[in-house]
Amino acid sequence: MLEELALPYRVVSYDLPKGENLKPELLALNRVGRLPVIVDHDVDGEPLPVYGSAAILQYLAEKSGRFMPTNVRERAKVIEWMGIISSDLSPAYSGQFVFNVVAKEKQPWAIAFYDRLCARLIKVMDDQLASTTHLAGAQYSIADILAYPVAAVSMQRFPGTLDGYPNIARWASTIAVRPAVQRGLSVPS
Ligand SMILES: N[C@@H](CCC(=O)N[C@@H](CS)C(=O)NCC(=O)O)C(=O)O
């Protein structure tokens with residue numbers, strides 16, 4: 001989003017396995033102690049921290065007037081898809097990652113639970129993209145910006161996951177070529 005808006009920014013990295021995200025300096029910006037957080041220094045003279053992918057995207061869309069439609073119906077669908085990605089799809093993929101990859105003792109029921117949930121939600125997304133160019137409608141919006149990393153990373157964790165979902169593949173290929181997306185994916189390296 002920062003690249004799409006061509007906003008100047010400085011990246012601060014935190015090593016999660018080392019627990020750096022629980023340092024007082026980060027908790028002062030966001031009591032949840034998770035990433036991402038932005039600090040906007042261009043508000044009213046006081047730094048403004050905003051935590052969470054969806055909140056950051058909505059904040060920047062409102063501030064810039066971009067990537068969020070003004071039409072009531074189109075706007076409602078962007079908000080709805082922001083919710084689906086944040087509250088349904090991303091937690092499902094987090095669960096899949098934790099139980100398939102992170103867990104030392106594998107629990108087949110938990111693996112099956114999250115694999116099934118991911119498969120169910122990926123089908124919902126593919127069905128949606130069968131009838132719309134972008135996730136929430138015709139326009140590229142913050143719903144696409146939120147969803148694309150899940151498609152580019154989490155959905156490709158296991159080979160073949162996207163086989164049989166041509167609409168997600170078509171949608172992802174149009175987003176992957178956006179120069180801002182390519183620049184954004186190379187951050188912070
Ligand atoms: N609701 C948040 C979730 C953020 C999240 O899961 N952050 C993870 C890294 S991707 C994190 O900071 N984990 C460290 C921890 O929980 O201690 C969002 O959508 O941005």
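Both ligands and their constituent atoms are indexed starting at 1 by order of listing. Below, each value reflects all heavy atoms present in this structure, side chains not excepted, and no hydrogens, waters or symmetry copies.
- By the 4.5 Å heavy-atom criterion applied to side chains, Met125 and Met155 are counted as neighbours.
- As a member of the Ile/Leu/Val/Met/Phe/Trp/Tyr network built from side-chain separations under 4.5 Å, Val101 groups with Phe97, Val102, Phe158.
- If you look at ligand 1, the protein residues with a non-hydrogen atom under 4.0 Å away are Leu16, Asn21, Arg34, Leu35, Pro36, Tyr51, Gly52, Ser53.
- More than 12 heavy atoms of other residues, nucleotides or ligands sit less than 6.0 Å from atom CZ of Arg157.
- Among residues at least two apart or in separate chains, ring-ring contact (aromatic ring centres under 6.0 Å, His included) pairs with a member in residues 130-155 are Phe67-Tyr140, His134-Tyr140.
- Put simply, CZ on Arg75 and CE on Met68 are 4.5 Å apart, with the number rounded to the nearest 0.5 Å.
- Chaining together hydrophobic side chains whose heavy atoms lie under 4.5 Å apart places Val12 alongside Tyr14, Leu16, Leu26, Leu29, Val32, Leu35, Val37, Val39, Tyr51.
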